Amino acid sequence: MSAGRFDVAVIGAGAAGMMAAAVAGQRGLRVVLVEHAAKLAEKIRISGGGRCNFTNIGTTPANFLSQNPNFCRSALAAYTPRDFIDLVEKHGIRWHEKHRGQLFCDDSSESIIELLKRECDMGRVAWRMPCSVAELEHDKTDFVLRTSLGEIRAAQLVLACGGMAIPQLGATDFALKVARQFGLKVVEPRPALVPLTFDPEHWKAFGALSGVALEVGVTGGQGKGRAEFLEDLLFTHRGLSGPAILQISSFWNPGEPITLDLAPGRDLERELLVAKPGNRQQLNSVLSDLWPRRLAEQWLSNVDGVEHGVTSLRMADAPDRLLRRLAGQIHRWSLTPTGTAGYKKAEVMRGGVDTRGLDQKTMQAKAVPGLYIVGEALDVTGWLGGYNFQWAWASGMACGRALQAK
Ligand code: FDA
């Protein structure tokens with residue numbers, strides 16, 4: 001084997017790429033990892049508010065969106081959250097569960113980067129970083145990469161370049177371009193786990209609520225792609241954010257409404273009718289017992305269909321039908337976003353390389369022997385809460401175990 005030739009070239013030293021490279025290297029394969037950024041694994045570093053929500057112990061295939069929903073089953077079953085926790089503990093990293101099965105580092109996400117780096121070192125992985133790939137082709141035996149650090153030849157190629165979220169950290173559509181170059185199909189990519197935005201004129205009044213947060217039920221999407229979450233909502237200057245909105249954004253399609261239940265788990269109609277007799281409080285102060293005062297006032301004065309002047313109406317004077325309608329509107333506030341905050345603010349990309357062209361046990365392209373694709377570049381998108389890293393580990397592991405010495 002010549003000095004510049006490897007069994008495997010992995011492009012992208014993020015979560016999935018380092019996992020695949022380390023596993024293949026530890027099996028004795030000659031692996032080179034090519035990364036164009038100057039700083040390693042920036043997305044891991046900033047993830048989970050700097051503590052990396054590295055997995056979710058409740059992970060199942062149902063926590064992922066894909067045009068091919070069964071594709072992720074095999075890899076997720078072969079490498080579980082428990083397997084990654086064992087690796088985390090082997091490296092002495094302390095962790096805790098925060099919310100609904102989400103596991104975070106006690107200290108810093110840096111420790112997960114260090115873990116992956118050490119695992120790569122154990123596999124004697126060669127690094128080319130920072131290094132950009134100008135051209136890529138397959139001759140009769142090898143993938144040939146023309147890079148800023150010279151030519152690299154490898155019998156197998158792993159695309160681990162992630163998705164397009166946060167381009168300011170080096171995210172690109174490189175994996176999609178290369179996949180297309182080799183004849184693979186791509187499911188239209190879109191920003192996901194992303195804030196939703198509204199018409200600036202229409203949103204002016206609610207923009208004043210920027211910073212207000214509350215727990216809501218949120219519903220969105222259509223048909224089989226319909227979903228419902230109970231999470232926190234955050235008002236922003238341009239629209240809505242917070243976990244509830246990030247979750248539903250992955251299911252939302254342009255032009256569709258989302259529906260918010262602003263008083264989840266309560267029967268507001270009954271509560272308002274019971275509270276009415278002899279009650280001299282104004283409607284807005286009754287709602288202020290339920291919500292932050294600013295929200296109660298803005299909502300009553302600005303939601304379509306709520307009559308002008310009801311804010312100061314005394315409860316005892318409010319007709320039952322008004323209270324009923326108000327309760328209905330609070331439990332089912334329907335609003336149509338005009339867009340998303342885009343890849344600059346998205347946590348992930350939805351869509352990606354169509355998994356129907358890949359083997360689900362190995363991540364190898366069926367029509368292009370030797371070409372593997374892992375992680376977020378694939379059309380497998382996890383919910384918010386550690387699922388996307390679990391997919392990166394599991395798909396990286398499946399690929400790392402399948403690569404061969406050539
Ligand atoms: P990843 O993006 O990690 O790595 C891809 C690598 O390829 C990068 O290093 C990139 O520089 C490199 N690359 C791209 N193009 C290239 C090219 N042309 N040549 C060479 N290299 C190239 N998930 C989760 O489960 N828990 C969490 O807490 C969070 N938190 C979070 C916060 C924020 C702000 C974001 C943006 C995202 C998250 N995520 C998350 C999502 C998670 O970070 C993401 O799904 C995984 O990092 C995907 O792993 P990959 O290895 O596929 O891509």
Side-chain angles (χ1 to χ4, degrees), residues 9-21 32-56 59 63-64 81 84 95 98-99 101-105 109 112-113 116 127-136 145-149 152 157-178 191-195 243 246 250 341-350 352-353 363 373-397 399:
V10 179
I11 306 183
M18 281 201 275
M19 182 60 116
V32 62
L33 197 38
V34 181
E35 167 60 53
H36 71 165
K39 256 180 122 179
L40 185 58
E42 280 290 80
K43 276 202 195 160
I44 299 180
R45 197 183 317 279
I46 61 168
S47 67
R51 294 231 159 91
C52 186
N53 175 195
F54 56 79
T55 192
N56 190 302
T59 304
N63 303 115
F64 295 85
F84 193 74
W95 56 271
K98 203 165 163 187
H99 175 64
Q102 301 169 6
L103 305 192
F104 287 76
C105 299
S109 50
I112 298 291
I113 303 175
L116 293 164
W127 289 82
R128 299 286 184 276
M129 180 183 163
C131 174
S132 55
V133 182
E135 269 182 70
L136 200 165
L145 286 62
R146 299 210 172 77
T147 79
S148 53
L149 297 179
I152 297 171
L157 176 69
V158 180
L159 292 174
C161 316
M164 288 190 268
I166 319 277
Q168 55 277 37
L169 288 184
T172 66
D173 63 351
F174 189 77
L176 308 187
K177 279 192 182 140
V178 176
L193 300 183
V194 63
L246 300 191
S250 299
Y343 284 117
K344 276 191 175 170
K345 301 279 178 191
E347 287 210 0
V348 292
M349 172 184 85
R350 184 185 166 182
V353 179
M363 307 293 133
I373 304 160
V374 294
E376 200 185 306
L378 291 171
D379 172 35
V380 177
T381 309
W383 294 2
L384 187 75
Y387 304 103
N388 284 297
F389 278 135
Q390 187 57 36
W391 173 245
W393 317 135
S395 58
M397 175 60 75
C399 168

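Indexing begins at 1, ligand by ligand and atom by atom, following the structure's order. Keep in mind that the numbers below use all heavy atoms, side chains included, and drop hydrogens, waters and symmetry copies. Keep in mind that what you see is a predicted model, and the values were worked out from it rather than measured.
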Hey, does Ala160 sit under 4.0 Å from ligand 1 if you only count heavy atoms? yes
Min heavy-atom dist Ser132 to ligand 1 below 4.0 Å: no
What protein heavy atom lies closest to atom 17 (C) of ligand 1? Include the residue and the distance to one decimal. His36 ND1, 3.7 Å
4.0 Å heavy-atom contact, Val133 with ligand 1: no
In the protein, what heavy atom is nearest to atom 37 (C) of ligand 1, and what distance, to one decimal place, separates them? Glu347 O, 3.1 Å
Search all heavy atoms of Thr55 against all heavy atoms of Gln390 and return the closest pair with its distance. OG1-OE1, 2.6 Å
Quick one: look at Ala165 and ligand 1, take heavy-atom pairs under 4.0 Å, and tell me if it's side chain, backbone, both or neither. neither
Pick whichever of Val194, Ile166, Ile11 has a heavy atom sitting closest to atom 36 (C) of ligand 1. Ile166
Nearest protein heavy atom to atom 51 (O) of ligand 1, by residue and atom, and its distance? Ala16 N, 2.8 Å
Begin with the C-alpha distance, continue with both residues' side-chain angles, and end with the deciding distance and a verdict on ring pair (Phe, Tyr, Trp, His ring centres under 6.0 Å) for Trp393 and Phe389. CA-CA 6 Å; Trp393 317 135; Phe389 278 135; 5.5 Å; yes
Sub-4.0 Å atoms of ligand 1 with respect to non-hydrogen atoms of Gly170: 11 (O), 14 (C)
Which protein non-hydrogen atom lies closest to atom 48 (C) of ligand 1, naming both residue and atom, and how far is it? Glu376 OE1, 3.5 Å
Top protein contact for atom 9 (O) of ligand 1, by heavy-atom distance: Glu35 OE1, 2.6 Å
Just to confirm my output: which protein heavy-atom neighbour is closest to atom 34 (C) of ligand 1, and how far is it? Ile46 CD1, 3.5 Å
Of the listed options Ala41, Ala134, Cys161, closest to atom 14 (C) of ligand 1 (non-hydrogen atoms): Cys161
So if I count the atoms of ligand 1 from 1 in the order they appear, which ones are less than 4.0 Å from some heavy atom of Asn388? 23 (N), 25 (O), 45 (O)
The atoms of ligand 1 lying under 4.0 Å from a heavy atom of Gly375, numbered in the order shown, are 52 (O)
Do me a favour and list the nearest non-hydrogen protein atom to atom 7 (O) of ligand 1 with residue, atom name and distance? Gly12 CA, 3.2 Å
Considering only non-hydrogen protein atoms, determine which one is nearest to atom 46 (C) of ligand 1 and report residue, atom name and distance to 0.1 Å. Phe389 CE2, 3.7 Å
